[in-house]
Structures are given as C-alpha cells and as structure tokens.
Q: 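So that we are looking at the same thing, I have put the structure below in structure tokens.
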Protein chains: 4
Amino acid sequence: MARPRTSGSKKARRAEPEERRQAILEAGLSVFAASGFEAAKLDDVADKAGIAKGTIYLYFSDKHDLFEQIVRHAVTPVLGQLQNVVALPDLPTEDLLARIFEVFRTEVLQTDRKLVIRLVLTEGSRFPKIAAFYHREVIAKGLGLIRQVAERAHARGELASDEIKKFPHLVFAPLLLSVIWDGLFSRIEPLDVEGLLAAHRKVLIGSGSRRRTGK
Amino acid sequence: MARPRTSGSKKARRAEPEERRQAILEAGLSVFAASGFEAAKLDDVADKAGIAKGTIYLYFSDKHDLFEQIVRHAVTPVLGQLQNVVALPDLPTEDLLARIFEVFRTEVLQTDRKLVIRLVLTEGSRFPKIAAFYHREVIAKGLGLIRQVAERAHARGELASDEIKKFPHLVFAPLLLSVIWDGLFSRIEPLDVEGLLAAHRKVLIGSGSRRRTGK
Amino acid sequence: MARPRTSGSKKARRAEPEERRQAILEAGLSVFAASGFEAAKLDDVADKAGIAKGTIYLYFSDKHDLFEQIVRHAVTPVLGQLQNVVALPDLPTEDLLARIFEVFRTEVLQTDRKLVIRLVLTEGSRFPKIAAFYHREVIAKGLGLIRQVAERAHARGELASDEIKKFPHLVFAPLLLSVIWDGLFSRIEPLDVEGLLAAHRKVLIGSGSRRRTGK
Amino acid sequence: MARPRTSGSKKARRAEPEERRQAILEAGLSVFAASGFEAAKLDDVADKAGIAKGTIYLYFSDKHDLFEQIVRHAVTPVLGQLQNVVALPDLPTEDLLARIFEVFRTEVLQTDRKLVIRLVLTEGSRFPKIAAFYHREVIAKGLGLIRQVAERAHARGELASDEIKKFPHLVFAPLLLSVIWDGLFSRIEPLDVEGLLAAHRKVLIGSGSRRRTGK
DNA sequence: GATGAATGAGGATTCATTCAT
DNA sequence: AATGAATGAATCCTCATTCAT
C-alpha cells in the first residue's frame with residue numbers, strides 16, 4: 001500500500017518523528033500484549049523502543065492514548081488484502097476460503113497482528129472506544145466480506161448451508177479460536193491450524209461441493 | 001444448616017469458614033472479571049464479600065492465589081452435566097448437539113460461568129498454571145466429549161465430515177465466539193446466540209443426517 | 001493482654017486517629033510554609049510526622065486537601081481570644097489596642113500561626129477556596145472586630161480619625177507588615193515589633209485620647 | 001531606529017539580543033507571578049516570549065537565575081520618581097504624602113510592578129539573595145525616603161507623631177496591604193484603595209496639620 | 001479468627017535542562 | 001545564535017500486604 005512520504009527526506013541523522021512513533025507503537029504492542037494494559041510498564045515500552053521514558057509523551061498523551069493508537073495503527077492493511085482476494089471473480093468457493101484462511105494464517109497468526117486481536121479480546125471490554133472502533137473497522141467489515149462470499153457461494157450451490165449468510169461468524173469462529181489457542185495452550189498442546197482450517201473448509205463446503213469427498 | 005461444627009454457640013451469627021471462602025471467591029470472580037487481574041482491587045473484593053480486607057489473607061495466600069482458586073472453583077460442575085447428556089445412548093446427533101449447546105447457553109452464557117471463561121481468556125497467558133489447569137480440566141475434557149459425540153455420529157453417518165473427530169475444536173469455536181462477543185460487542189451489535197448455534201448445528205450436520213432433515 | 005478493645009479512654013498503644021491527624025497537619029504546616037505548596041514534598045511531611053507516606057492518604061484525599069485542611073485547622077482560636085478582649089466594657093481604647101496587639105504578637109507572631117498567615121499570603125491566590133475561606137473566617141471577622149473597637153472609641157473621642165471605622169484595615173496593616181517582615185527581612189534587619197506597634201497605637205490614638213473632645 | 005548597533009545587516013528582522021532578554025524577563029514575570037516559582041513552567045515563559053525553550057538558556061543560566069533577574073530588572077525606576085517628589089522642597093506634608101501614595105497607586109498597583117512585589121513576598125523567603133537585594137535596593141531606600149519626609153514634617157509640626165521617624169514602616173504598611181489585598185481578596189471584596197490611602201493620610205497627619213483639616 | 005490502619009514499593013507523569021541540528 | 005526533541009530525575013498517589021489490637 002502506498003503512502004505519500006512526507007518530510008523532505010535526504011539523510012536523516014536524527015530518527016524521523018514517524019519512525020519513532022512506529023518504534024513506540026511496536027514496542028508498545030509487544031509490551032501491552034505480554035502484560036496486559038494495567039501491568040504494562042511504560043518504562044519497558046521505552047526500553048524496548050530504545051528511547052527515554054519521557055519521549056513517549058512527546059508522541060502520545062498518556063498510556064491510554066498509546067494503547068488506543070496501537071490498536072488503531074495495526075488494523076487496516078489485512079482487510080484490504082482480503083478484499084482483493086474476494087474480488088477475484090471466478091474462484092471456486094473452496095479455493096476462495098482456502099486463500100482467505102491462508103492470508104489469515106500467514107498475515108495474522110504468524111505476525112504481530114495476532115497480538116492486536118488478542119489485545120482487543122483481553123482489554124476491549126475496558127476500552128469501549130476501542131471495542132467500538134474494532135467492531136466498526138474490522139469485525140463489521142470482515143463479516144461483511146464473508147457474507148459476500150457466502151452469498152455468491154450459495155447462489156452457486158457451493159455451500160453446505162445458507163445459514164452462513166445470516167451468521168458469517170461461523171466462518172470466522174475457528175480463526176478466532178486459533179488466535180486464542182495460540183496464546184493460551186499452544187505450549188501445552190500445539191494446534192495444527194492448517195489442519196483445523198482445512199477441516200473447517202470441508203465442513204463449510206459440506207456436500208455443497210459437487211464432488212464427494214468420501215473416505 | 002449443614003455443619004454445626006465450629007461456632008455452635010448462640011446463634012449462628014458468625015459465618016462458617018467455608019461460607020466465607022465462597023463469598024470471597026464469588027466476589028473475587030466478579031471483581032476480577034470486571035477489571036482484570038491487575039486492575040482488580042482487593043479492597044473491592046472485600047467490600048463485595050462483606051468482609052475486611054485482611055480477612056482475604058486468612059483464606060488465600062495472596063492475590064495470585066485468590067485468582068487461581070477462583071478459576072479452579074468455578075470449573076467442574078458443567079462438564080458433569082454435559083457428560084450426562086452425552087451418555088444418553090440413542091439420541092440423534094442433531095438433538096444431542098442441540099442439548100449440548102443449550103446447556104452451554106443457559107448454564108454458561110447466562111451465568112457467571114462465562115466470566116470464568118473470559119477470565120481464562122484474558123489472563124490465562126500470564127498464569128501458565130491456570131492455563132494448564134484449565135486446559136486439562138475443561139478444554140481437554142470438553143474436546144474429548146465432543147470427539148466422543150463426533151465418533152458416534154460419524155459411525156451413524158450423522159455428521160457432515162469426519163474431520164470433526166480430528167478437530168472437535170470446530171464444534172466448540174462458535175461457543176467461544178459467543179462468549180467473547182457477549183463481552184465485547186453485544187452492546188454495539190447484539191448477537192442472536194440461539195440462531196447462531198442453530199445455524200452451526202445445521203452446518204455441522206450438513207447432508208449427514210438425511211433421516212432428519214425435516215425439522 | 002490485648003483485651004482492652006476499641007479505644008476506650010485507656011492507654012492507647014496505637015496513636016489515636018485524631019492525634020495522627022494533628023501530627024500530619026502540624027508537619028504539613030511546617031513543610032508547606034518552608035517550601036511553598038508546589039515544592040513541598042509529602043515525603044517530608046510524612047517523615048516529619050513520623051509516619052509512612054501512604055498514611056497521609058488515610059486522612060487526606062490529596063495534597064490539595066491537606067493544604068486546605070491545614071489552613072482551616074489553624075484558624076479560629078485566636079479570634080475568640082480577641083473577641084473576649086474587645087468585649088471588656090470599659091477599657092480605654094489605647095489599652096484595648098495594646099492588649100489586641102499584644103495578643104497578636106504573642107499568639108500569632110511568636111507561634112506557628114504566623115506560618116498560616118504567610119501560607120495564605122503566598123499561596124492564596126492559587127487557592128481561591130482558601131482565600132475565600134480565610135477572608136470569611138478571619139479577615140472579615142477581624143476587620144469587624146476592629147471596626148467595633150473603632151466605633152466605640154470614636155464615640156468616646158478616643159481616636160484620631162473616624163476614618164478608621166471605614167478602613168479598619170489601617171489598624172491591621174502594620175500587623176500584616178510584621179508577619180511579612182519577620183519572614184523576609186528579619187535576618188537582615190530585625191524589626192522591633194513591640195516598638196512598631198506602640199508607635200502605631202500612638203498614631204492611631206493621635207490627639208484623640210488627650211483632649212477627649214468630640215469633633 | 002534608536003540603535004543601529006548590532007545586526008545592522010538587512011532588515012532588522014531578528015530581534016536584538018537585549019530585546020529578547022526583555023521579552024523573556026517580562027514573560028517570566030507574568031508567568032512566575034501567576035503560578036509561583038515552582039509551578040511556573042519555562043515552556044510557558046518561552047511561549048509567552050515568543051521564543052524556543054532552549055533560548056532561555058542562552059540568556060539565563062537556569063530557572064533560579066531567571067527569577068532573580070526578573071526581580072532585579074523591575075526594581076529601580078519608581079524609587080527615582082519618588083525621590084523627585086520628595087525633593088520638592090515646599091510641599092506641605094499632606095500633599096507630599098498624597099503625591100507619594102498616588103505614584104504608588106498608579107505606578108505600582110496599576111502596573112505589573114505590583115507583581116514583582118508579590119513575587120518577592122511569596123518567594124522571597126526561599127531566595128535569600130533576592131530578599132537581601134530587595135531589602136537593600138527597595139525597602140531600605142523606600143523607608144529612608146519616608147523617614148526623610150517624616151523628619152521634615154515633624155520639624156514643621158505637620159505630623160501626628162514623631163514615632164513615624166523611627167518607624168517609617170507605618171507609612172508603608174497600608175500600601176503593602178493594598179498589594180496583598182489586590183492579589184487575594186479583591187474579587188471577594190474589592191478594596192477602595194484611594195479611600196484607604198486618603199484615610200491613612202488623615203490618620204498620619206492627625207491634628208498635626210491644623211491648617212488644613214478643613215473637612 | 002477478624003479487623004482495618006499502616007506500610008512502602010512501584011509506576012505514570014511532569015518539566016528543567018541538554019544538545020544535535 | 002536559535003531551536004525544540006529528547007532526556008531522566010523527581011514526586012504524587014495507589015494498593016497488595018502486614019500486623020497490632
């Protein structure tokens with residue numbers, strides 16, 4: 001995605017302000033995700049970002065603000081990608097789902113973005129603004145995307161049930177479970193996410209896909 | 001009264017130790033769930049339990065211990081119920097799932113037990129012992145239960161896919177989503193959990209249950 | 001031991017709450033007076049009061065509150081004394097003034113009460129509530145008292161000018177100056193307060209007391 | 001232009017160093033007076049002076065130094081004026097006092113100079129050097145001036161009491177009170193300073209000036 | 001056993017001061 | 001010289017934990 005570069009570049013001796021902001025956001029994400037909002041220490045954020053404590057306050061008004069910015073910052077890109085995948089016209093639903101799940105797996109589960117989801121899950125109820133923002137920008141859009149897919153799939157007879165149009169959540173639920181499992185139980189009992197999502201696809205497609213996949 | 005054990009003198013004015021323990025655990029659950037572990041104040045727990053702050057330390061060694069006991073305390077009962085449901089031999093899978101989901105909806109989602117799940121989700125990663133305990137006592141058992149159901153169902157041809165035997169998580173995922181949605185987004189966009197779970201059942205059953213597609 | 005319950009009048013091991021409050025107020029007065037509100041450290045207050053930092057917050061909600069209570073605490077007693085002096089019926093005005101000034105000198109200037117006045121002078125403009133309180137409880141009453149004296153004195157022809165009835169401030173001004181001088185310049189050039197006040201009396205009485213003639 | 005001194009090149013766009021110094025001193029006076037030394041922020045001083053924060057340190061070594069310079073800067077002029085007034089040989093004392101008080105009222109009370117007095121009052125005890133400076137440059141000279149007046153007046157029989165020669169403070173006290181009242185209580189109960197000073201004059205003159213007691 | 005006053009370690013935030021540009 | 005971003009020491013306040021009663 002292209003963003004217009006501001007500031008007449010040249011060689012920047014001092015870190016560009018925007019770089020610093022990014023560094024703080026990233027450091028903050030990892031610290032908040034590791035400790036939760038309350039237990040997170042801004043000292044640790046500063047250390048991790050390689051700056052002094054006070055510097056954080058040049059970029060964010062306080063701990064709350066930093067938290068909100070972190071969530072807002074890490075949100076949009078993925079949905080754009082998915083939008084592109086969904087826009088592919090003639091992909092069979094099974095393949096489409098495969099691509100979507102794969103994007104999720106590689107672009108979310110295997111990156112720091114899963115930390116943002118986890119942060120929203122764990123802290124969202126105490127940050128109504130963040131919950132609302134996340135619902136509006138991610139959840140609603142994501143479910144809309146799935147609904148789109150479901151409608152097209154159903155029209156073609158490629159889905160097990162038209163219920164999914166009404167409850168796209170069902171498509172998303174195992175993805176959510178993956179994120180959570182990853183954070184809580186993967187060390188105790190690793191989860192084969194690829195397998196899980198493949199199985200999920202099969203269930204969703206069910207007999208909708210013409211071929212029978214008997215075993 | 002169950003135990004005329006300790007303070008048998010005069011009126012049973014002083015609470016039995018076990019009652020106090022319970023009171024603290026319940027108060028703790030609601031306070032921890034509302035604020036998260038770090039932000040929860042033992043002062044509030046004490047107030048809510050109707051005791052003095054110091055008293056907590058007569059029953060629990062510290063805040064961590066209280067948290068762990070809270071989770072341990074609120075765990076077993078439901079699984080027993082489900083075990084009973086599953087043990088019913090001749091129930092069609094669709095009905096069985098309906099019963100299971102219903103138990104979850106009424107006994108978990110509509111009670112404080114959902115708070116425990118949320119607590120494990122939000123704090124579990126910082127309490128490995130709790131995560132392990134919960135995995136062992138709830139997750140593993142629950143998934144085992146579902147796997148049982150799936151195996152039986154598949155043997156009878158009542159399930160869309162035998163993948164579910166390998167990934168019983170798929171059955172559980174929407175339940176998890178319900179709990180999370182309830183905590184984060186229900187005020188923004190309420191979720192029709194009954195509808196969701198009904199749809200989920202349909203998807204799971206798929207074309208598997210030919211005998212009963214009437215319903 | 002340990003049977004004498006809840007603070008009878010017996011021997012209290014632990015300091016009575018009210019004693020503690022007093023100790024904090026006194027410590028606070030000296031620290032605030034020495035450093036000013038902003039520069040005063042609650043650590044120092046705690047040290048001086050012989051308690052832990054946190055204890056202050058059991059008695060006062062925050063630094064502001066402590067400051068306000070300090071001023072409120074040290075206010076009323078003296079005015080009562082002056083009221084009594086003024087109530088003496090037949091004292092010649094000159095003697096009455098002498099007694100008033102003497103009370104001020106010994107009960108204010110030579111005690112910590114002068115610190116309160118100084119505190120109000122130095123911080124009052126940033127604490128409108130305190131300024132209003134002090135004006136209402138001390139200034140207004142004090143000026144009222146002086147006006148009383150002036151009216152009686154004038155009726156008897158014992159005052160230089162009836163202007164003092166309109167501006168009792170004139171009687172008070174040198175007292176204020178004494179307090180300020182004491183704080184700022186006494187080490188550089190000590191002020192003979194007794195002499196000053198004696199001279200002040202003479203000026204106020206002027207020829208009024210000699211001739212005893214109405215104008 | 002008065003001084004084509006330093007940066008004579010191009011347009012006089014860049015402020016003369018001395019102008020900057022003045023600007024900082026003035027800004028500092030208003031900020032220090034409004035907040036007190038401790039609470040005053042150099043950020044605010046810089047903003048108000050229209051310069052960058054770091055620039056302050058090119059002119060002053062630190063916050064203390066700035067404070068001292070502020071007081072030193074705003075001191076001398078008025079006394080010169082008063083000196084001139086007092087030097088008028090044949091003015092009756094009452095008129096002389098009227099002139100003096102009037103200068104004080106218009107040149108101090110109605111200007112920022114009253115801020116300096118207030119600053120010395122409120123912060124002086126923590127800045128012994130400033131207190132000493134102010135005593136030497138203002139107080140001592142001012143009292144000396146008054147003593148001069150008093151001596152002359154007494155020689156002419158124009159004063160109520162010769163005590164004033166020994167305690168010229170008595171003449172000054174109501175002026176001090178005016179400054180303080182203005183800062184603390186004027187919003188609660190305005191003070192008629194002109195009236196006060198007129199009354200003060202009458203008291204001071206007392207029966208001394210028989211010639212002019214026409215009421 | 002209970003109590004709740006007292007403790008003091010810990011962390012968010014501010015702001016005088018520095019220094020690279 | 002001037003700037004203002006960066007620094008980090010300093011301080012208020014909170015709250016888990018202790019302990020005298």
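Everything numeric here is computed off the predicted structure, so don't read it as measured data. Order of the sequence lines fixes the chain letters, A, B, ..., with proteins taken first and strands second; residue numbering starts at 1 for each chain.
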Q: Minimum heavy-atom separation for A:F37 to A:F32, with atom names?
A: CD1-CE2, 3.6 Å
Q: Between C:D62 and C:D65 (side chain of the first, backbone of the second, donor and acceptor by atom type, cut-off under 3.5 Å), is there such a pair?
A: yes
Q: Under 4.0 Å between a side-chain nitrogen and a carboxylate oxygen: does that hold for B:R20 and B:E16?
A: no
Q: Just how far, in rounded Å, is C1' of E:dT7 from CZ of C:R20?
A: 10 Å
Q: Using heavy atoms and a sub-4.0 Å distance, could you list which residues of residues 39-56 of chain C are near DNA chain E? By number, please.
A: C:I51, C:A52, C:K53, C:G54, C:T55
Q: Would D:Q22 and D:H73 count as having a side-chain donor-acceptor pair, cut-off 3.5 Å?
A: yes
Q: Could you go through the side chain to side chain contact (heavy atoms under 4.5 Å, CB included) check for B:I117 and B:V120 one step at a time?
A: CA-CA 5 Å; B:I117 298 183; B:V120 173; 5.8 Å; no
Q: Would you say the side chain of B:V75 lies within less than 4.5 Å of the side chain of B:F133, judging by non-hydrogen atoms?
A: yes
Q: Between F:dA6 and A:Y59, is there an OP1 or OP2 to side-chain N/O distance shorter than 4.0 Å?
A: yes
Q: Roughly, in whole Å, what's the span from CD in A:E38 to C1' in E:dG10?
A: 13 Å
Q: Please state how far atom OH in C:Y57 lies from atom P in F:dT11, giving the value in whole angstrom units.
A: 13 Å
Q: Between B:E68 and B:I130, which heavy-atom pair has the shortest distance, and what is it?
A: CA-CD1, 3.5 Å
Q: Quick check on the helix from E:dA2-F:dT21 to E:dT21-F:dA2: what's the angle between its two end axes, five base pairs per end, to the nearest 10°?
A: 10°
Q: Figure out the CG/C1' separation between D:L58 and F:dG4, and round it to whole Å.
A: 12 Å
Q: In whole angstroms, how far is the C1' atom of F:dT11 from the CG atom of C:L66?
A: 15 Å
Q: Could you note down all residue pairs passing side-chain hydrogen bond (donor to acceptor under 3.5 Å, both in side chains) where residues 114-123 of chain D supplies at least one of them, sequence neighbours left out?
A: D:R118-D:D182, D:E123-D:R126
Q: Between atom CZ in C:F60 and atom P in F:dC13, what is the gap in whole Å?
A: 13 Å
Q: Roughly, in whole Å, what's the span from CZ in B:F37 to P in F:dC15?
A: 13 Å
Q: Side chains of D:K41 and D:S35: donor-acceptor distance under 3.5 Å anywhere?
A: no
Q: Quick check on DNA chain F: between B:S61 and C:D62, whose nearest nucleotide comes earlier from the 5' end?
A: C:D62
Q: Please report the distance, rounded to the nearest Å, between CZ in C:F67 and C1' in F:dC13.
A: 19 Å
